[in-house]
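To start, the structure itself, in structure tokens.
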Amino acid sequence: MVALVAVLLCVVAPLAGTAAGFYTYDRARAHAEEQRAERHAVRAVVLGRPAARPTVHGDRGHAYRAEVRWTEPGPGSGQRKRTAVAHVAAGTRAGDTVTVWFDGRGRTVAPPPNDVAVWQHTVVVGLGVAGGTAAIVLLARAVERRVALRHRLDEWERAWARTGPRWTRRSA
């Protein structure tokens, strides 16, 4: 049983984590590419002072909502000025230039994940699966030990029931 647990912990758990990591990397990379294709960034100028309280707490710190203005690029847009309310980083002031991301419908959205975010997600999932597999193996081993111990104690109890009366008989 110890050899089986050792093989499961040293071979199967890392392989499960690696397989989950490869699968997650392919999915996360494809998702990031889809988002990069459907989202576009514009450089915008912050018009007013950002809100006093953060509206989003993310991996890039607190984000505040502020009104921004940008000029639509391209010949078909006629260099039209646009405004929107977007999330800006903490410390942004009126007049600062920020990058704002929009989806195909013109709504402000978060930037698509970069390669670092894809790799972070991959590593976290891979380690989580490897750790979860190891935890299941160790839990199964603990249950098996408990059942074996209970079985062994029952055998000792039956053996003592047969042997005990001979040892504890009082002699006169």
For residues 4-15, the salt bridge (Lys or Arg N to Asp or Glu O under 4.0 Å) pairs (sequence neighbours left out) are none
Where at least one partner belongs to residues 116-129, residue pairs that pass salt bridge (Lys or Arg N to Asp or Glu O under 4.0 Å), sequence neighbours excluded: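 Pairs touching residues 116-129 that pass the test: none.
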**Asked** Do Thr99 and Val42 come within less than 4.5 Å of each other through their side chains, counting heavy atoms only?
**Response** no
Considering only heavy atoms from C-beta outward, does the side chain of Thr71 approach that of Arg80 to under 4.5 Å?
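Not touching, per the 4.5 Å side-chain cut-off.
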Donor-acceptor contacts, no H, no angles, side chain residues 128-150, under 3.5 Å, sequence neighbours left out:
unit_1: Thr133; atom_1: OG1; unit_2: Val129; atom_2: O; d: 2.8
unit_1: Arg141; atom_1: NH1; unit_2: Glu144; atom_2: OE1; d: 2.4

- Item | Interatomic distance, Asp154 atom CG to Arg152 atom CZ [nearest 0.5 angstrom] |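 Going from CG on Asp154 over to CZ on Arg152, the span is 11.5 Å.
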Test of understanding: clusters of I, L, V, M, F, W, Y form through side-chain heavy atoms closer than 4.5 Å, transitively. Do Leu9 and Val12 belong to the same one?
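Looking at the clustering, Val12 is in the same group as Leu9.
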Residue set satisfying salt bridge (charged side-chain N to carboxylate O under 4.0 Å, His left out) with Arg107, at least two apart, ordered chain then number -> Asp103
Would Phe102 and Val109 count as a side chain to side chain contact (heavy atoms under 4.5 Å, CB included) here? Give the steps. CA-CA 5 Å; Phe102 293 95; Val109 292; 5.6 Å; no
Review item, side-chain donor-acceptor pairs of residues 29-36, under 3.5 Å, at least two apart:
unit_1: His31; atom_1: NE2; unit_2: Gln35; atom_2: NE2; d: 2.9
unit_1: Arg36; atom_1: NH2; unit_2: Pro113; atom_2: O; d: 2.8

query: Under 3.5 Å, side chain of Thr92 to main-chain N/O of Val88, donor-acceptor pair present?
result: no
Side chain to side chain donor-acceptor pair (under 3.5 Å) with [X]: which residues, sequence neighbours excluded?
X	answer
Arg69	none
Arg93	none
Glu157	none

In short, Ala86 meets Val100 closest at the heavy-atom pair CB-CG1, 3.7 Å
Here the pair of heavy atoms bringing Arg39 nearest to Trp101 is CB-CE3, 3.9 Å
Given the options Val68, Thr97, Val98, Val45 meets side chain to side chain contact (heavy atoms under 4.5 Å, CB included) only with Thr97
Working for side chain to side chain contact (heavy atoms under 4.5 Å, CB included), residues Thr83 and Glu67 = CA-CA 7 Å; Thr83 61; Glu67 190 173 9; 4.0 Å; yes
Other cluster members, [X] - Ile/Leu/Val/Met/Phe/Trp/Tyr, side-chain contacts below 4.5 Å:
X	value
Trp119	Tyr25, Val118
Val2	none
Val85	none
Leu127	Val123

